[in-house]
Structure formats: structure tokens, C-alpha cells
Trainee: 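The structure's right below; bear with me while I get my questions together.
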Number of protein chains: 2
Amino acid sequence: MTKRADITIDDVAEAAGVSRQTVSRVINRGPHVKPLVRDRVQKAIDSLGYVPNLSARRMAGSRSYLILAINDRKRTIENWAAGRGNDWVDQMLFGGMTECERQGYHLLFELIDTETEPALRQLANVSGALRPDGVILTPPHSDNEALCAWLTERSIPFARIGHRVGSHSVDVFMDEAGAAHEATRGLIALGHSRIAYIAGAPNYGASAQRISGYEQALREAGATLETSMVATGGFSFQAAADIIDGMLKSSPAPSAFICDNDEMAFAALHVAASHGFSAPQDLSVISFEDTPGVRFSVPPLTAVRQPTAAMIARACERLIAISRGEEGWGAFQIPYELIMRDSTGPAP
Amino acid sequence: MTKRADITIDDVAEAAGVSRQTVSRVINRGPHVKPLVRDRVQKAIDSLGYVPNLSARRMAGSRSYLILAINDRKRTIENWAAGRGNDWVDQMLFGGMTECERQGYHLLFELIDTETEPALRQLANVSGALRPDGVILTPPHSDNEALCAWLTERSIPFARIGHRVGSHSVDVFMDEAGAAHEATRGLIALGHSRIAYIAGAPNYGASAQRISGYEQALREAGATLETSMVATGGFSFQAAADIIDGMLKSSPAPSAFICDNDEMAFAALHVAASHGFSAPQDLSVISFEDTPGVRFSVPPLTAVRQPTAAMIARACERLIAISRGEEGWGAFQIPYELIMRDSTGPAP
DNA sequence: TCCTTAATTGTGATCGCTCCCAATTTGACT
DNA sequence: AGTCAAATTGGGAGCGATCACAATTAAGGA
């Protein structure tokens, strides 16, 4: 095993015949370096294969070149443990990593608890250890004012995904109400009049927005809002199945279901089949998640595709800009996509 | 915004009335600290909310408390872009993060190219910047000797997932041949005699092992091996569909398919349906992936569940042990699971 | 041509921690 | 009690970069 000393900035400086500081300027694209010198230094960097040590940069400077993405531990672990997977995490990684890499940053992913007290402690720990240049909060943490206050107090830039009220933060969200409105309107246009909405959890912020869009579309169509058509299925197959079963037994039964996630949409298809109904002939189903599996369900699900990757990418981009001292705060709406597949059709 | 100086080890030392070094010993669970002093220091740490700065630790010491997991860029990005997702990534994160967190480490996830030359450059960059205490190589990189040599040369401990030859590395794998053998034997027991194997890619190491297990099971049953029953479907729905279509048109057609991934297994179900066959009555299908979607296909797929999370967790655990100076090298076989669902049944 | 100002380069000091080694205390055993 | 070794503490150097500022060089104008 060859012993090889690591190459430092001083090695490069010596090789290029300049001072350490000049090399640093070249690395950081700083001004005040003659083009001739810059080239010479760059050549030395390349030939020596020099890579700046992030830890040292963080120690000396104010940046860590790290973005920290935070997810809810309970929900994430449950999904993993249940074999349900976390497509959301996968999407986050896609968007976040791609953007970070583009900018010479690195994305770190961590889980913290839902309850404020342990969450705060865990955030303090990971943020204290890593000193990220920015933190991305996803639901439900993006709505946690205590966490946001903690970050604000310490001047750590943060982004809130799925939140659109923020003052001194980066808010990145999609138009949940608009998507639900469009989905509902589409079903109405297909002749559906009894459209049920199966929400995830009562405290799930996006649900409220979606339901308002759903109700608005119904109102615009002159339909009456029936509370019996809106229920909460806990994001789970079984709970949703029970509810949907009840709805299909009522009369008149709904002819269309909008579900907050794929699993509940699958439940709708499944329960409908047990009643002898099949989509899209006898009923229509739209999901609000669009995980990879929906392409292979029977029939493939029509779904609102959440722009998770794009939202995280945007969040990273803004946070990195802020860490560079540029302007970055603001609210950013990312377009969603309603993907028509075969689970929706004309009302029977 | 309150200006708050960060709490350093010296603050703790002062508060506890000891030297910096003693605090360091307490943090690192070093020996040679009186229990009484240890308690006093620990109390100071807790009350001040002190968290050691990872960058500083890395600068001064030899550890970075970072484990780097590396994935193939091309395949990963393609999956993401195609909306196919990367359940594998999700699983890696699950296993890796859980274990790292348990040990006070952090997991970093990065993508590098397939070809050796750029891969080497990218590995040098990320490893130079982050100085991880260990690197996890996943297929196909786990079979790349150039990468392994590079890491060995620099004394960076690494783990190879799905590889079982390694000398100075941590090898973590599952019994691919055994799993294929068990799956095949199961089909034979159900009366199937014409069993096709749809492999992923020609250079996909696991395929070769699985096929050998598959062939062994056939041989043990006294069946003849037909080369026409083994084909490569490129992991893709369409390519696999074409191949399977051809097989089903031949006579006698296979009555069972073992596929290297879920997507190709879905293709089998789909194509079979177009021929008027449906599983499990007319044919059986087994997949070698088990992503979350298989639970909702019709019928739900019987599949070999890859212990991805467990493999990554084990790799992290071993690498962390090594970074602590303990013994860690070796080969570790992680048990797989053959999950019976409804896509397999008696031969027609 | 000389002087002022701007553009370029270089020089410690410093970030927070662990390393190595010396100083001190404690304990065990003559 | 006295000695020697072991256990416990502390002190200073240094990791590899950036920062603030000083020193140098080049450019522009009278």
C-alpha cells in the first residue's frame, strides 16, 4: 500500500509558483487574478489532481458546501418497514443531488421525529455536526414553526416544501388546489356527478388545499357538496378500502374517487372489483401521488404527478444561491402534471 | 436575529473546569477519565447543548464520520427520468442511514459514471472533498477492479455489494444462485418443466450466478437445458415483452418465467394476457426484485426480495468498525427472501 | 515623468478539534 | 513510610483551507 501524502493547496501553490491565497482565489473564482496566473494555477491543479478538502474549507470559511434535507422519521420508516418504499425520498434525492452536484455541493439526507421536542434536538445535533449551508424541510416539518424559528435564530437558510406562507424562507410548493380543481373538473366533464374525495390524514396540509379545489370545481358545476363524499383513509390500503366499501354500498354510490395517494387509489380499484365494478367503465379513479407502480396497475392509474424532484432541486438552487450571498428568498410554485392513464372514463 | 457564538469544546472545558483534552476524551469514550470527572463533563455538554463540529474533528483527527455510498449514474438517472424510480436507492438509504445514525455517522450518496475513466475521476473528486471513512460500491462498480485498486492504494476502506471474491475489502452479497435454485425448484415442484429465464443485461454479474442456480435445479430434476429458454431483456418492459412474446408463440411454449426484475415480470404478465393466458392458472411468473409495486399488480408477483437494506446496513457497520480500528474485513452473506404471492401456481 | 488609484499578490492569524507527549495524581507493594 | 508503575490530566502543535489586511505591481492622468 503506497503511502501518499494528500495534496494540499500549498503543494499547488508551490508547483505554480504563487502563494496559497492566489490558488484559493482561483478555486473560488475570485477576481483579482491575472489570466496568465490563473491558467498556470489551473494547470497545476489539474496535473496534481488537487481537490480542496471540504472540512478545511468549512473550518476556515463560512460555507460547508452541504445541503441538509430533512424528512419525517416515523412515516418514512413505516413505509420502509412495510415494504411500501418511499418514492418520495427517491424523488428528493434525484432532484436534490442533481442540482447540488451541478454546483459542487453535496446533499445530506436525514430523518427527524415528528414531535417538536425531539425534532428540535435532532436538528440541533445534525446541524451542529454538519453545519449545512441550507436545510430543506419537507412536510410535516415544513409547517413546524418551532423548527423554522430555531433555524431563523441561527441564521441558517432553509426551504419549506409544500408551504406557501413563509417570510424569511424559501417556499417551494405546487398548486394543490389547482390540481384538485383540474382533476375534479375533468371528472365532471366526463359526466361524473358523484365524486368522492379520500384524503390522507386530517393534519395533512395538502389535503385541505386539495379539498378546497375539489369543492370549488363542484360548486362551479352547480353540484351540491355532500360531506359524506369526503373521508380520511390514513394513506393506507386497508383503511381506505373499508371506507370506499361503505361508500359503494350507499345509494347513490359515487362513480369517481380522488385519492390522496396511490395506495388508497389501488384500494378503490380493488374494492370496486369486489363489487363487480371495474375502471374505467364503471367508475373512475384519480390518485395524487404517481409512484412508479401505477403504470403497472390494472388499469394504470390516472394521477397527479407531484413535482417532488423539481421542488427539491429548486430549493437546493435557492439555498445555494443564498449561501453565496445572492438573493434567494421567496415563494416558488412548481408546475404539477396530471397524467391521464386508463383509470378514468365517462360516467356510466 | 440573535447573534450566538457557537459552543466549542473549550466552552465545555471551561464550564466543567477541565482541559479541552479531557472533554475530548469524554466525547470519544476514551479511557483514562475518572467517572466523577466524566459525569461533570457530560453534564456540561448536555446543559450547553454542545455538539462537536464534524469538520474540525476531521481536520484534527483521522476520521470524518462519513460513509460514502456510490451508485451507477447512468442506470439511476435513466430510471428516474423514465418515472421508473429507484427502489434500490430507497432501500440503500434505509439500511445505510439507519445504521450510520445508530453509530453517529452520516451517509452520503453520490452517483458516478459507469466507464472506469470518468468514474475514477469522479471518485477522486468526491472522496478528496469529503474524505469518507469508508466507501460502498454497488453493482456494477463493485466489480470494477480499477476503482477498488484506487481505493486500496489510498487505504480507504470499501465494501463491495453483490461481490464475493474480494481480498482486502468488505464483501456483502446474497446467495443469488441459491435463490434462483430455490425459485426454479419450486416451479418444478409445481409441475412446470418448461421454465424460461429472462435475464437483465449480459454483463450483469448477478444474472450469471442466478442462471447457474436455475440450470442446476433443472439438471437436478433431470430436465434438459435449452438455450432458447434463456434470454436477455435489458431490464426493460418493451424489450422483455418482445422476447416473451416470441417465446409464447413457440411450441411448446414455456409455462413459467423467472425474470431479473419486476418490470420484465410485469411484461410477462402483460404479454401472457394478450395471448389469453393469465397467471397463475395458465402460467407462473417469478421476479428477482420485489419493488413496492408488485403488491398491487394483478396478480401480485411472487418474488425474491433482495436484502438491499440489510446488505448496505451490514456494509456500513463493517466500514465503521474498520474506521474505529477494529477488524472488519471479510465476506458476508445476507439472507434473501422468496415471497410467495399469486403469480405462481401449478403447471396447467 | 511622477503621482494617485486600482488591480494584483502575499502574509500571518484563525477556525475547533485530535494528536503526541509531558506533568501530575493515584495506587500497590515493598 | 517510600518507591515505582499505572492511571489520569493538561499543554502545545498542527490539520488545510479562508479571512482580513499589508505589500507589491500595474494602469491612468496631469
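Chain identifiers are assigned alphabetically (A, B, ...) following the order of the sequence lines, protein sequences preceding nucleic acid strands; residue numbering begins at 1 within each chain. These values consider heavy atoms only, across backbone and side chains, with no hydrogens, waters or symmetry-generated copies.
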Trainee: Quick check: does any side chain N or O of A:N86 sit under 3.5 Å from a backbone N or O of A:T76, one acting as donor and the other as acceptor?
Mentor: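 Yes, because the side chain of A:N86 sits within donor-acceptor range (under 3.5 Å) of the backbone of A:T76.
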Trainee: Of the non-hydrogen atoms in B:R58 and A:S55, which two are nearest, and what is the gap between them?
Mentor: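 The answer is CG-OG, 2.9 Å.
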Trainee: Where the side chain of B:D133 meets the backbone of B:Y65, is there a donor-acceptor pair that is under 3.5 Å apart?
Mentor: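 Yes; at least one donor-acceptor contact below 3.5 Å.
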Trainee: Relative to the 5' end of DNA chain C, which residue comes earlier, B:N28 or B:R25, by the nucleotide with the nearest heavy atom?
Mentor: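 Closer to the 5' end of DNA chain C: B:N28.
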Trainee: Of all the nucleotides listed (C:dC17, D:dA17, D:dA7), which has the minimum atom distance to the side chain of A:R20?
Mentor: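 The listed nucleotide nearest to A:R20's side chain is D:dA17.
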Trainee: Look up atom CG in B:L151 and atom OG in B:S127, then write down how far apart they are to the nearest 0.5 Å.
Mentor: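 Taking CG in B:L151 and OG in B:S127, the distance rounds to 7.0 Å.
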Trainee: Under 4.0 Å between a side-chain N/O of A:Y50 and OP1 or OP2 of D:dA17, yes or no?
Mentor: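 Answer is yes, contact under 4.0 Å.
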Trainee: Roughly, in whole Å, what's the span from CZ in B:R63 to C1' in D:dC15?
Mentor: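 Those two atoms, CZ and C1', are 17 Å apart.
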Trainee: Nearest to the B:Q21 side chain among C:dT9, C:dT18, D:dC19, which nucleotide is it?
Mentor: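 Looking only at side-chain atoms, B:Q21 lies closest to C:dT18.
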Trainee: Using a 4.0 Å heavy-atom cut-off, does B:R58 contact any base of the nucleic acid, only the sugar-phosphate backbone, or nothing at all?
Mentor: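 Contact class for B:R58: none.
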Trainee: Does the side chain of B:T22 get closer than 4.0 angstrom to OP1 or OP2 of D:dT9 through an N or O atom?
Mentor: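 The answer is no; no side-chain N or O of B:T22 sits under 4.0 Å from OP1 or OP2.
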Trainee: Within this structure, what is the CG-to-P distance between B:L48 and C:dG16, rounded to whole angstrom?
Mentor: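 So the two atoms are 14 Å apart, to the nearest Å.
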Trainee: Is it true that B:T138 and B:D72 share a donor-acceptor pair across their side chains at a distance under 3.5 Å?
Mentor: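 There is no such pair between these side chains.
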Trainee: Side chain of B:H32, heavy atoms from C-beta onward: which of C:dC17, D:dA7, D:dG16 has the nearest atom to it?
Mentor: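 Closest nucleotide among those given: D:dA7.
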Trainee: For C:dC17 and B:S24 - does any side-chain N or O of the residue sit under 4.0 Å from the phosphate oxygens OP1/OP2?
Mentor: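 B:S24 to C:dC17 OP1/OP2: no side-chain N or O under 4.0 Å.
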Trainee: Taking only side-chain N and O atoms of B:T8, does any of them lie within less than 4.0 angstrom of OP1 or OP2 on C:dG16?
Mentor: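 No, because none of the side-chain N or O atoms of B:T8 sits under 4.0 Å from OP1 or OP2 of C:dG16.
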Trainee: Choosing from D:dT9, C:dT9, C:dG16, which nucleotide comes nearest the side chain of A:S19?
Mentor: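 Selected nucleotide: C:dT9.
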Trainee: For B:M59 and D:dC15, what is the distance between atoms CE and C1' respectively, to the nearest whole Å?
Mentor: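 It is 4 Å, rounded to the nearest whole Å.
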Trainee: Expressed as a whole number of angstroms, how long is the span from A:E14:CD to C:dT11:P?
Mentor: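 Going from A:E14 (CD) to C:dT11 (P), I get 13 Å.
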Trainee: With nearest nucleotides of DNA chain C determined for B:G61 and A:V18 from heavy-atom distances, which residue corresponds to the more 5′ nucleotide?
Mentor: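 Nearest-nucleotide comparison on DNA chain C picks A:V18.
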Trainee: What's the closest nucleotide to the A:K34 side chain, out of C:dG16, C:dT8, D:dT9?
Mentor: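 For A:K34, the side-chain atoms sit closest to C:dT8.
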